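What's counted below: heavy atoms across the whole structure, side chains too, no hydrogens, waters or symmetry copies. This one's a predicted model, so the numbers in the text were calculated from it and none came from an experiment.
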Amino acid sequence: MAQFLLETVWLVPCYALIGGLLAVPWSPGIIRKTGPRPAGYVNLVMTFLAFVHSAIALQATWNYPAQEVFIPWLSTAGLDLTIALDISSVSVGALVVITGLNLLAQIYAIGYMEMDWGWGRFYSLLGLFEAGLCALALCNNLFFSYVILEVLTLGTYLLVGLWFSQPLVVSGARDAFLTKRVGDLFLLMGVLALWPLAGTWNYPELAEWAATANVNPTTMALVSLALIAGPMGKCAQFPLHLWLDEAMEGPVPSTILRNSVVVASGAWVLIKLQPVLTISPIASSAMVAIGAVTAVGASLIAIAQIDMKRCQSYSVSAYMGLVFIAVGVQQDEAALLLVLTHAISAALLVMSTGGIIWNSITQDVTQLGGLWKRRPISGIAFIVGSLGLIGFPPLGSFWALMELADGLWETQPWLVGVIIAVNALTAVSLTREFALLFGGKATQMTERSPEAHWPMILPMMILLGFNLHLPFILQNLSLLPDWVSLNKDVALLLNWSSIFGCSITGIIYFGNIPKPIRLPWQGLQDLIAYDFYTPKLYKMTIIFGVAKISQLADMIDRFVVDGIVNLVGLFSLLGGESLKYSTSGQTQFYAFTVLLGVSILGMWVTWSFWGVQLLKLIS
C-alpha cells in the first residue's frame, strides 16, 4: 500500500486542485440554497486525503533512493519541455508540511470566517495555493517552477484581495502583485538566458553542467543575479520586501500559509539553483549581502511596529534573509532546516494572534494588554511559537541556526555575528509583542476579549504540540547533529543572545519603565519605525519615474500618434468634401480623373528613374 502511494504521490497536487474546483460553485451567484459552508467542507476533505497520502508515502521514501518521473508535454524545434518530478524524502516531506499546514489553516478558517460571505472563493483559492505549492515541491524543472511561481503570484493577488470592497485591501493586493511581478520579470530573463548556456532546465542536469561549466564570468553573473531576483520578491527581501506587509490586509487564515510556506517558495527554488549560482562569486556575495541587510534591517523594523501583523511580517523577512545567507554560503541542509522550523513556528504565531484580531476592534498592540488571564491558550501558543523561532534549545530553530552558524564559525565569523544579532533582535521583537498583548492590566479594548471558539483553538493546539515535538521528530529522522560534536561557543552565543533579548525586553515592558519607549534620538526612532523610509524612497524614485514616463507617453500618444491619425482623417474628410462638388455623372470625366491619378502616381514612383535618364542626356 505504501509503495503504491509512493508511486502515485505525484497526484497529491490534484487533490487540492479538485477541492478548489469543487468549491467554486458555492461562490456568490451560483449555488445559494445551501449557503457557502459546503465549499469549506469539500476542500477540507480533499486536503485531508492529500495529507494522508503524502504522510504514508513519506514513510516509504525513507532509506529509499530518489527517483524522477517524466511527463512529456511539448517537444518542438529543439525545445523539449518535459515535466520532471522529483520523488524523494525531501520533496515528499515538503508535501507533508504543506498539506498539514493547509489542513490546519482550513480548520482555523471555519471558525475565523464563520459569518463571511466569501467562503467559496476563499477555499477555492486555498486549494489553488496548496496545489501550486505541492507542484513546486515535486517539480524538478526550472521552467515549470517559474510557471508555478506565476500561478502563486496570481493566487496571492486574488487571496489578499478577497475583501475587495475595502480600499486598503485593494491597494495591498495590487502592491503585492506588482512588487512580485518585478522579481518575476527578472527571473524570466534569467530562465530564458540559462537555456542557451546549459541546454537544459532540469535541476539535476543543471547541477551536472555547473560542475564543469566554462562560461564568461560577466554573462554568468548577470544570469545568476536575474535568477536571484525572483526569489527575492517571493521571500520579501530588500528592496522587494514591502509586499508582505501590504498582503497582511488579507484574511488571517491565508496569512498562516503566507507567513509559513508561501514565502518559502522562492527559497525552495533558490536552494534548487544553488549549484548554478555557485558558478558566479558575485551572485553568492549578492545573496549573502541581500540576506544580511534584510535580516538585520527587518529585525530592527519589527521592534518599532505597533500593528501585530506588521511585527510578524518583518520577522518573516528577517528569517528568510538568513535562508539567503545559508544558500549564499552553500549550506543547503541548513537552509532547508531553517525553512522547516520557521514554517511551523511562524504558523503557530499567526494562529495565536489571529484569535485576538478576530474578536477585537484593533490590531494596535499599544491599545491591548492584560490578555493572559482571558486568553491563556493563545498566550502559551505565542510563547511556544516565539521560542521555536529563536535560538532556544531544544526547540527547532536552535538546531537550524546552530548548523548555519557552526558552518560559518571558521570561515566567515562576521556572518555568525549577523546571525547572533538577528536572533537577539527577534527575541526582543517577539517578547515586546507578547508583553504588550498579554502582559499588564486589561484595557478597554481587552476587558471583554474571551478565548476564541474551538475551530480556532483545535488547530492551534495541534500545531503547538507538533512544535514541541519537532526536535524529537528531527532526531528520529537523523536530521539533528550530535550534541557532542557541536561547537559549544556558538551554542552558548545563540542561547545567551536569546536569553539576553527576552530578559532585557521583559524587564522593560513588564517593569515600571514609562512607556512608550523612546530612543535618545528621535530621528533614529523614526528611521526604524517608518521602514528606513523605503516607501518614501519608492515614491521619490520608482513611482515618480514611472509617473513621469507615463505622462510623457500620454503626451506622445495624444499629440503625436493621435495628431497624425487626426491629420490623416482631416485630410481625407477635406478631400472627400472637395471631391463631392466635382461629380458630374459623366463616365468619361471619371475615367479621365482615374487616368490622371494613375499618371501622377506613376510619375512619383518612377521619378528617380527619369531623373537619372535626364542627367545622362544633359551630360
Side-chain angles (χ1 to χ4, degrees), residues 101 103-115 248 250-260 302 305-313 315-316 342-390 392 395-397 426-427 429-470 502 505-506 509-510:
L101 287 177
L103 179 65
L104 296 177
Q106 290 184 17
I107 298 173
Y108 192 92
I110 291 177
Y112 189 91
M113 305 186 68
E114 183 181 16
M115 305 301 292
M248 293 298 165
V252 168
S254 65
T255 306
I256 297 172
L257 285 181
R258 188 183 306 111
N259 278 17
S260 57
Q305 302 306 307
I306 60 174
D307 186 285
M308 66 178 75
K309 283 186 175 182
R310 289 173 63 91
C311 296
Q312 296 181 14
S313 69
S315 295
V316 171
H342 169 264
I344 305 301
S345 299
L348 183 58
L349 283 174
V350 175
M351 287 185 180
S352 63
T353 55
I356 302 173
I357 297 172
W358 178 65
N359 58 7
S360 300
I361 62 174
T362 181
Q363 297 177 194
D364 190 339
V365 293
T366 61
Q367 298 180 11
L368 300 171
L371 288 174
W372 179 257
K373 294 182 180 180
R374 291 160 176 78
R375 294 176 173 272
I377 300 177
S378 297
I380 294 172
F382 193 97
I383 292 174
V384 174
S386 300
L387 296 179
L389 200 60
I390 61 177
F392 187 85
L395 298 183
S397 288
T426 303
S429 174
L430 294 175
T431 306
R432 168 184 173 270
E433 188 177 2
F434 174 81
L436 292 175
L437 290 175
F438 297 96
K441 297 180 180 180
T443 64
Q444 291 182 350
M445 298 292 183
T446 58
E447 286 180 348
R448 298 180 180 179
S449 182
E451 195 68 81
H453 54 166
W454 72 266
M456 300 169 66
I457 296 298
L458 176 62
M460 184 167 62
M461 296 307 297
I462 294 174
L463 195 57
L464 186 150
F466 189 83
N467 208 324
L468 291 174
H469 288 82
L470 183 60
C502 294
T505 311
Y509 283 94
F510 286 109

Completion exercise
Heavy atoms of Gly439 and Phe510 approach each other most closely as CA-CE2, 3.7 Å
Handout entry: Side chains of Leu437 and Arg375 in contact at under 4.5 Å (non-hydrogen atoms)
Key = no
Practice task
Could you tell me whether the side chain of Tyr108 and the main chain of Met351 form a donor-acceptor pair under 3.5 Å?
Solution key: yes
Exercise for the section: Spell out, as yes or no, whether a donor-acceptor pair under 3.5 Å connects the side chain of Ser360 to the backbone of Ile357. Expected result: no
Exercise for the section: Nearest 0.5 Å please: distance from the CE atom of Met113 over to the CE atom of Met456. Expected result: 11.5 Å
Practice task
Using a 4.5 Å cut-off on heavy atoms from C-beta on, say whether the side chain of Leu463 contacts that of Ile344.
Solution key: yes
Handout entry: pair Pro376-Glu451: side-chain heavy atoms closer than 4.5 Å
Key = yes
Problem - Validation row: Ile256, Leu104 side chains within 4.5 angstrom (heavy atoms) - result: no
Exercise for the section: Measure across Ser315 and Cys311 and return the closest heavy-atom pair with its distance rounded to 0.1 Å. Expected result: OG-O, 3.1 Å
Exercise for the section: Examine distances only and state if a side-chain atom of Asn359 and a backbone atom of Pro450 form a donor-acceptor pair shorter than 3.5 Å. Expected result: yes
Practice task
Would you indicate whether the side-chain heavy atoms of Gln305 and Ser313 approach each other to under 4.5 Å?
Solution key: no
Handout entry: Pairwise side-chain contact, Leu395 with Leu470, heavy-atom cut-off 4.5 Å (strictly under)
Key = no
Practice task
Drop me the distance from Asp307's CG to Thr362's OG1, to the nearest 0.5 angstrom.
Solution key: 8.0 Å
Practice task
Using the side chain to side chain contact (heavy atoms under 4.5 Å, CB included) rule, take Gln367 and Ile306 through it: C-alpha gap first, then chi angles, then the decisive distance, then the call.
Solution key: CA-CA 9 Å; Gln367 298 180 11; Ile306 60 174; over 6 Å; no
Problem - CG on Leu371 to OG on Ser378, rounded to 0.5 Å - result: 8.5 Å
Problem - Closest approach of Leu101 to Leu257 (non-hydrogen atoms, all atoms of both residues) - result: C-CD2, 4.2 Å
Practice task
Would you tell me whether Thr255 and Arg258 have side-chain atoms, one donor and one acceptor, within less than 3.5 Å of each other?
Solution key: yes
Practice task
Please step through side chain to side chain contact (heavy atoms under 4.5 Å, CB included) for the pair Ile383 and Phe434, ending with a clear verdict.
Solution key: CA-CA 8 Å; Ile383 292 174; Phe434 174 81; 3.7 Å; yes
Exercise for the section: Verify, without hydrogens or angle tests, whether Ser397 (side chain) and Ile390 (backbone) share a donor-acceptor contact under 3.5 angstrom. Expected result: no
Exercise for the section: To the nearest 0.5 angstrom, please state how far the OG1 atom of Thr353 sits from the CD atom of Gln312. Expected result: 4.0 Å
Exercise for the section: Examine distances only and state if a side-chain atom of Trp372 and a backbone atom of Phe438 form a donor-acceptor pair shorter than 3.5 Å. Expected result: no
Exercise for the section: Please tell me if the side chains of His342 and Val316 come closer than 4.5 Å, counting only heavy atoms from C-beta onward. Expected result: yes
Exercise for the section: Could you walk me through whether Ser386 and Leu349 pass side chain to side chain contact (heavy atoms under 4.5 Å, CB included), step by step? Expected result: CA-CA 7 Å; Ser386 300; Leu349 283 174; 3.6 Å; yes
Handout entry: Distance in Å, Phe382 CZ paired with Thr431 OG1, rounded so as to fall on 0.5 Å steps
Key = 8.0 Å
Completion exercise
Rounding to 0.5 Å, atoms CG (Leu103) and CD1 (Ile462) come to a distance of 8.0 Å
Exercise for the section: Could you check if a side-chain atom of Arg310 sits within less than 4.5 angstrom of a side-chain atom of Gln363, using non-hydrogen atoms only? Expected result: no
Exercise for the section: Provide the closest heavy-atom pair for Pro253 versus Tyr112 in the form atom of the first, atom of the second, distance. Expected result: CD-CD2, 3.6 Å
